[in-house]
Amino acid sequence: MQRPDVPTTAQAGGSMTEGGEPSAALEGEQIQLLLDALPALISYIDDEERYRIVNRAYERWFGEDRVSLAGRHVREVIGDSAYAAVKPRIDAVLGGQPQDFESRLVYRRSGRRHVRIQYIPHFGASGEVAGFFTLVADISEQKRAEEARRFLADATALLDPVLDRDTSYRRVAELAVTSVADWCSVHTIEPDGALRARVIAHADPAKAELVSRLAERSRIPPEAETPLHEVLHGGPGRLLSEIPDSVFAGVARDAEHFAALRALGCRSAVIVPIRGEECVLAALTLASAESGRTYTAADLAFAEELAQCIQVALQRMRLYDMARDAEAEARRRFLAEQEARRAAERAAQRMAGLQRITAALADALTCEAVAEVAVDQGAAAAGAYAGSIVITAGDAIECLKAVGYQPEIVERFRRMAASDGLPLVDPLRTGAPVWLRTRKECAARYPDFAATALTSTTSSLCCLPLLVQERPIGALGLSFAEPRPFDHEEQEFLLALSRQCAQALERARLHEERAAIIERERRVALENARLYREAHEADRRKDEFIAMLSHELRNPLAPITTGLELLRMSTGDRGDRGDRDDSQILATLERQVKTIVRLVDDLLDVSRITRGKIELKRERFDVGAVVETAVESVRTLLAQRRHELALSVEPGVLVHGDRVRIEQIVVNLLTNAIKYTNPGGRVSLSCAASGGDAWIRVTDTGVGISAELLPRVFEPFMQARRTLDRSQGGLGVGLTLVKRLAELHGGRVEAMSAGPGEGTAISVWLPLAGASADSAAAPSTEIPRSGAGALRVLLVDDNVDAAEGLRRILQLHGHTVAMAHDGPAALEAARASKPELVLLDIGLPGMDGYEVVRRLRAEPELRGSYIAAVSGYGQDQDRRRSREAGFDAHLTKPVATAQLLALVAEAAPRG
């Protein structure tokens, strides 16, 4: 590889060119002179890590002529330790990345230095890195000064005035070996003149055992002559740039001690005095070892400043001790004065305490609150350390409140008999107070109690009766830690306290009785309100559940229904060519889809009937015809379950009712019987006139109904226990709907079962309509043809299948249809096609149908369009909301063809 033209330090000679211009060699000499004048290391190193240019500073650092360094490898010049540290940086600059960093390096010959290094890559003519320029500045002194300042600040923060001297010395020593020394010691003079190391710390944890041994043998005899002696006897600080063996020999007590001192490897040290007000208190030694540091006069000045900080801290400690002693003396005097003042004020305090207790008892509305005031505040006012209050409870005595006693004592006397010989029981038996002034007096009167229950804390006690109209209702006991004389004044105070407690207890008892009556009435009212709220909330959740479920079921039913309509239209168009089997299949599919739709409507019907919002469309018809249609609806389910169906239908049983609703009754009864009968069972259906009613009875050989479930079988969502395979299915609303539809017709329902496994029979009675020749014709299945002219129609539905089915039906009737599947796309399509009729789903993603219709109504060119909502939500509030949003009509999914074409005809006049 061709190197760029970089002169080396060996190049010289030649001064001027023929034209009189300075030669390249002369310029090189001038640059070299400039580089040599700078104190920092400046060099050029090629891509093989060999020096090509070095300045004279290298001679001062490494002790070799700079010319001899040219061509030598960096590792050889600066040494292995320094090279290992900078090698990653060299690799980075040879990769083209400039480097600027600081580091502590141990150089060959020049030792440890803190340096700032800059590497600048030199790019060749073709862009490759041919080498790099280096600039190395020694910032050791700057860093040392920074560390010294930081160390002094940290040491000052550590010297808390509440510490003792040895703790302060130890903290400074432990801090010193983290930055400014390899080991540190503090020596003091013993009374006999010997020296002792109070603290020795080392930076190397591995030498902790060695330091510990030195501390144990640290006593230096007074006759030794060492720098430590000089400093401790008032001499100035000492700088030992190099420590000779004579220093260790003067300190060592024997050969083993001398060897241990030498094992520390001390090379340099400074020793400074820590002075007190009148003498030198200690000597602080900072020494270097592994770091190889040589201390200078600057380090001595630093150590003296550190000693000054320690001296100031020790003065602060002395002042702190003086202040603390003065404060303790002042506190002792204050306490003595307080005790004398308390003795004079005790009587006044008793009266004030009684007034406070009286006021607190007036606010206590329960017996527990009265007991708490009496025991807590009464004990405090009387000067007792503990107290208790007991009340009569029938033939027994119960502890209402106790404080200050051990838990086992409280538990033992929580309930007592009136015959027990106890201090607290006697006032209830006699109505007189009990005064026990000493432990001896208590033991003489109540020996068993004193031997087993009187704690060592109690020196005297009193038990006071709580009298209401001279009748004891309880007792107040107080225990004192010191013997009490219970003089006349104190007895009057304590008896007044007991009278206040007795009156408060009686008042609280009457108040609790009244409060209990009020609370019972309040709970009854709250319970009634809760039951009402729960019922209201349950009804709301049920309506929401039904609306959501019907919406989710209607969405997939919409494309199925439309597809069946299209298939039937296709079969009808073929005429005679139509396959009869296909027609039967389509008819079956239509019936099953209608059944599913009817089930969805059943969910809504339960809610409508409950709220009284269902209307019957009455007509006169034969129940037998409805039974026949209902049986056909469940024919497939019968075949799947392999059941035998037995029919007994009396002709001419006429009712005046809603054909669809009565068909719902029969279908639901048959479906329940089929589902809850094991495969291969038998289902019977009977219909006859009986006593002025049309009687419909469905019987099965199925699982039956237990006696506890039978009375609730017609409640909403009530079902027998399901099997794991959920083979019965259903939502638990079928029989509820049967009962309520029958009642709407003026009829009734009854369920009977002998128990589980014994089958079930459900009967429905409906009023007869009387004889008539009229019968309702079966509803026509003919799909009407739209008589309206061709319209421009926009279909908007995120259910692509549903939209596609409606599009095909509309196109078969000659209408032009555009489609969109979300709100923004609907707006764009409407502006482009100017539709005369818009069929708009409400539940669109991103922008719902309500927002879309509002925006369409805001368009001047679209205000005349007929806009109909097409949604799975079909309850009254849904229709009201769509009308308020601006829809002209509301269709509920699935949309039948006849319903769709009727809507088209209504929209046609606007086209």
- Item | Salt-bridge present (Arg484, Glu482; N to O < 4.0 Å) | yes

- May I ask you to decide whether Arg333 forms a salt bridge with Glu337, counting only side-chain N to carboxylate O separations under 4.0 Å? no

- Query: Going through the distances and angles, do Arg523 and Glu521 end up as a side chain to side chain contact (heavy atoms under 4.5 Å, CB included)?
  - Reply: CA-CA 6 Å; Arg523 282 200 299 267; Glu521 294 175 350; over 6 Å; no

- Taking it one step at a time, do Leu454 and Cys442 satisfy side chain to side chain contact (heavy atoms under 4.5 Å, CB included)? CA-CA 9 Å; Leu454 189 64; Cys442 180; 4.0 Å; yes

- Message: Donor-acceptor pair, distance only, cut-off 3.5 Å: does the side chain of Arg499 make one with the backbone of Val468?
- Response: no

- Taking atom CD of Glu408 as the centre, does the number of heavy atoms from other residues, nucleotides or ligands within less than 6.0 Å exceed 12? yes

- Item | More than 12 heavy atoms of other groups within 6.0 Å of Glu527 CD | yes

- Verdict with reasoning, Glu441 to Arg445, per salt bridge (Lys or Arg N to Asp or Glu O under 4.0 Å): CA-CA 6 Å; Glu441 187 176 337; Arg445 186 169 178 180; 5.8 Å; no

- Query: Is the distance between the ring centroids of Phe493 and Phe486 under 6.0 Å?
  - Reply: no

- side chain to side chain contact (heavy atoms under 4.5 Å, CB included) between Ile391 and Ile473, worked out: CA-CA 6 Å; Ile391 59 173; Ile473 63 169; over 6 Å; no

- Do the side chain of Ser753 and the main chain of Gly755 share a donor and acceptor less than 3.5 angstrom apart? yes

- Item | Approximate separation, where rounding is to 0.5 Å, of Cys462 SG and Gln491 CD | 9.0 Å

- Query: What closest approach, in Å, do Ala754 and Glu758 show between heavy atoms, and which atom pair accounts for it?
  - Reply: CB-CB, 3.6 Å

- Examine distances only and state if a side-chain atom of Thr677 and a backbone atom of Asp700 form a donor-acceptor pair shorter than 3.5 Å. no

- Query: Without hydrogens or angle criteria, can the side chains of Arg412 and Thr452 be said to hold a donor-acceptor pair below 3.5 Å?
  - Reply: yes

- Message: Minimum heavy-atom separation for Gly431 and Pro465, please, with both atom names.
- Response: O-CG, 3.4 Å

- Message: For Glu743, run the side-chain hydrogen bond (donor to acceptor under 3.5 Å, both in side chains) check against Lys739, Arg740, His745 and tell me which one passes.
- Response: Lys739

- Which atoms form the tightest heavy-atom contact between Gly383 and Phe480, and what is the distance? O-CD2, 3.7 Å

- Over all heavy atoms of both residues, which pair between Ser460 and Arg437 is shortest? Give the atoms and the distance, please. CB-O, 3.1 Å

- Task: Could you tell me whether a side-chain N or O of Arg414 sits under 3.5 Å from a main-chain N or O of Glu398, the two making a donor and an acceptor?
- Result: no

- Task: Might you confirm whether atom CD of Glu329 has over 12 heavy atoms from other residues, nucleotides or ligands at distances under 6.0 Å?
- Result: yes

- Message: Distance check, rounded to the nearest 0.5 Å: Glu368 atom CD versus Leu505 atom CG?
- Response: 9.5 Å

- Query: Are any non-hydrogen side-chain atoms of Leu428 and Val390 less than 4.5 angstrom apart?
  - Reply: yes

- Task: Any chance you could measure Arg198, atom CZ, to Arg170, atom CZ, to the nearest 0.5 Å?
- Result: 11.0 Å

- Message: Counting C-beta onward and ignoring hydrogens, is there a side-chain heavy-atom pair between Leu495 and Pro433 closer than 4.5 Å?
- Response: yes

- May I ask you to check whether over 12 heavy atoms, not counting those of Asn528, lie within 6.0 Å of atom CG? yes

- Note on the structure: Smallest heavy-atom separation, Cys501 atom then Leu466 atom, equals CB-CD2, 4.0 Å

- Query: Going by heavy atoms in the side chains, are Leu422 and Met416 under 4.5 Å from each other?
  - Reply: yes

- Leu461 side chain near Leu478 side chain, heavy-atom distance below 4.5 Å: no

- Query: Does any non-hydrogen side-chain atom of Cys463 lie less than 4.5 Å from one of Leu476?
  - Reply: no

- Message: Does Arg881 form a salt bridge (Lys or Arg N to Asp or Glu O under 4.0 Å) with Glu884? I'd like the steps, not just the answer.
- Response: CA-CA 5 Å; Arg881 186 179 176 187; Glu884 293 171 353; over 6 Å; no

- Message: Would you say Tyr385 and Thr458 are linked by a side-chain donor-acceptor pair, where the criterion is simply a distance under 3.5 Å?
- Response: yes

- Message: Working to the nearest 0.5 angstrom, can you tell me the gap between Ser388 OG and Leu400 CG?
- Response: 10.5 Å

- If every non-hydrogen atom of Val698 is compared with every non-hydrogen atom of Ala673, which pair is closest and at what distance? CG1-CB, 3.8 Å

- List the steps, then state whether side chain to side chain contact (heavy atoms under 4.5 Å, CB included) holds for Val749 with Leu735. CA-CA 9 Å; Val749 181; Leu735 291 181; over 6 Å; no

- Query: Do the non-hydrogen side-chain atoms of Tyr446 and Leu436 ever get within less than 4.5 Å of each other?
  - Reply: yes

- CG of Asn668 to CG of Leu741, rounded to nearest 0.5 Å, is 8.0 Å

- Query: Tell me, do Cys367 and Glu512 make a side-chain contact under 4.5 Å, heavy atoms counted?
  - Reply: yes

- Without swapping roles, check the side chain of Asp848 against the backbone of Tyr850 for a donor-acceptor pair under 3.5 Å. yes

- Has the side chain of Asp426 got a donor or acceptor atom that lies under 3.5 Å from a matching backbone atom of Pro423? no

- Within-4.5 Å side-chain heavy-atom neighbours: Trp435 and Leu494: yes

- When rounded to the nearest 0.5 angstrom, what is the spacing between CZ in Arg331 and CD in Gln338? 10.0 Å

- Polar contact flag, side-chain donor to acceptor under 3.5 angstrom, Arg880-Gln877: no

- Query: Looking at Glu513 and Arg509, does any basic side-chain N land under 4.0 Å from a carboxylate oxygen?
  - Reply: yes

- Message: Using only atom types and a distance under 3.5 Å, with no angle test, would you say the side chain of Ser459 pairs donor to acceptor with the backbone of Ala481?
- Response: yes

